[in-house]
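One structure is given here, and the rest of the page talks about it.
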Amino acid sequence: MTREECTLAIEGLSGQIDKYAELLVRKGLCVREGQEVVVQAPVECADFARRVVRLAYREGAGHVTVIWGDDAMARLEYENVPLEHFRHTPTWKVEQLNSLAEAGACFLFIEGSDPSALDGIDPAKPAAAAHARNTECLSFRNGMDFGKNVWCIAGAPVEAWARKVFPDCAPYEAVYRLWLAILKVARADGLDPQLDWETHNAAFEKNKGFLNDMAFDRLHYTSKNGTDLTLGLNAKGIWEGGAGRTVDGTVFFPNIPTEEVFTTPARTRVDGIVYSAMPLVHAGQIVDDFWLRFEGGRVVEYDAARGREVLRHIIETDENAAYLGECALVPKESPIHQSGLLFYNTLFDENAACHLALGFGFDECVKGFENMTKEELYEIGVNDAGNHTDFMIGSDDLSIDGVDEHGNVHPIFRNGTWAF
Ligand code: ZN
């Protein structure tokens with residue numbers, strides 16, 4: 001396509017992009033009359049962010065705060081500022097995020113980032129910054145973890161990202177193609193995306209319902225690639241997926257797209273070996289072709305053909321970074337898997353395949369979590385760490401069995417998809 005054709009084609013998508021923005025505001029954020037709305041967006045996505053802000057006001061937002069991000073600026077900071085600086089979040093930033101969360105804001109995180117933006121940067125710096133933010137901005141993090149604040153993560157293209165996903169296209173064509181791909185996998189390419197998301201959510205309800213009714217004690221994963229992993233589930237654990245719900249009953253979609261049904265495994269009951277099925281992109285750096293061996297929940301051995309150092313940083317970020325916080329089931333019919341694309345972005349790639357995550361677990365995956373302290377949740381098996389890093393293990397031949405407390409085995413996945 002010529003540059004002119006691409007410009008016209010993107011203009012032609014304008015109406016659909018508005019429908020997507022509306023989907024985020026209405027199904028992702030559920031903006032209420034008079035509410036504070038926070039939109040975090042890359043400067044390159046200003047046009048899309050403005051559409052979102054306009055719609056948020058139309059839906060009744062009282063005030064919208066926009067927090068701009070920029071890959072190039074982040075890189076300059078990591079290049080020039082010593083590690084020590086990143087061990088703490090600046091006070092004004094803590095105050096900004098905490099005060100907005102305490103005021104009952106809803107948060108939209110628009111992701112669009114060059115996956116290679118931080119190539120060659122000491123991975124300890126972004127790891128320390130993420131850790132500091134997760135442990136110091138407590139009202140902000142707990143507001144989302146404990147169902148007080150509504151939040152939604154969604155994607156919008158920036159050129160460097162688009163070029164990574166479509167390396168054979170000219171930059172302008174890559175951006176157009178990434179818009180098409182995002183609208184498609186976010187199920188926002190139809191006449192009525194909001195209605196499509198209600199249908200999508202019904203499938204989640206069915207799959208979650210089965211897993212929650214069966215209340216399995218543990219899962220057993222096997223694949224031809226060598227994966228043979230037993231993963232214990234919490235006695236009070238619940239499977240989540242699709243829409244989330246705040247304590248005051250607001251139903252919202254925290255991830256657009258989302259294809260996963262997930263829970264938090266029992267921190268100390270993971271044993272065996274698991275092989276990666278896709279590259280892991282972490283803070284702009286890539287780990288590929290890797291495996292992890294667990295004993296008593298902890299990673300005791302690992303290796304990677306590429307990015308072993310990055311993997312080491314993830315595992316050694318803090319004491320609990322070597323334990324799992326998530327296991328998620330995604331069938332291979334997922335539109336993201338079907339697209340055949342590697343997005344180099346967790347929001348998209350984690351919805352391509354079954355995955356696990358190292359680091360903190362999800363409080364809301366435990367019955368009665370609202371009335372438990374972080375310590376109590378940790379005690380019953382929810383990992384508590386500064387980071388949370390997803391990695392894909394869902395090979396096309398993956399089998400997963402659920403084992404109940406009496407040792408009865410029920411198939412959950414066969415050949416990479418639901419088996420019940
Ligand atoms: Zn996940």
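Just so you know, ligand 1 is whichever comes first in the structure, and atom 1 is the first atom listed for that ligand.
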Residues forming a side-chain hydrogen bond (donor to acceptor under 3.5 Å, both in side chains) with Arg87, sequence neighbours excluded: Glu84
Test of ring centre spacing under 6.0 Å for Phe391 and His282: no
What pairs with Asp145 under side-chain hydrogen bond (donor to acceptor under 3.5 Å, both in side chains), at least two apart in sequence or on another chain? Arg141
Are Phe262 and Trp239, when compared by the centres of their aromatic rings, separated by less than 6.0 Å? no
Among residues two or more places apart or on two chains, list those pairs meeting side-chain hydrogen bond (donor to acceptor under 3.5 Å, both in side chains) that have a residue in residues 151-167. Ser116-Lys164
Listing by chain and number, what protein N/O/S atoms are under 2.8 Å from the Zn ion (ligand 1)? Glu260 OE1, Glu326 OE2, Glu350 OE1, His355 NE2
Would you call Glu309 and Arg312 a salt bridge, taking side-chain N to carboxylate O under 4.0 Å as the test? yes
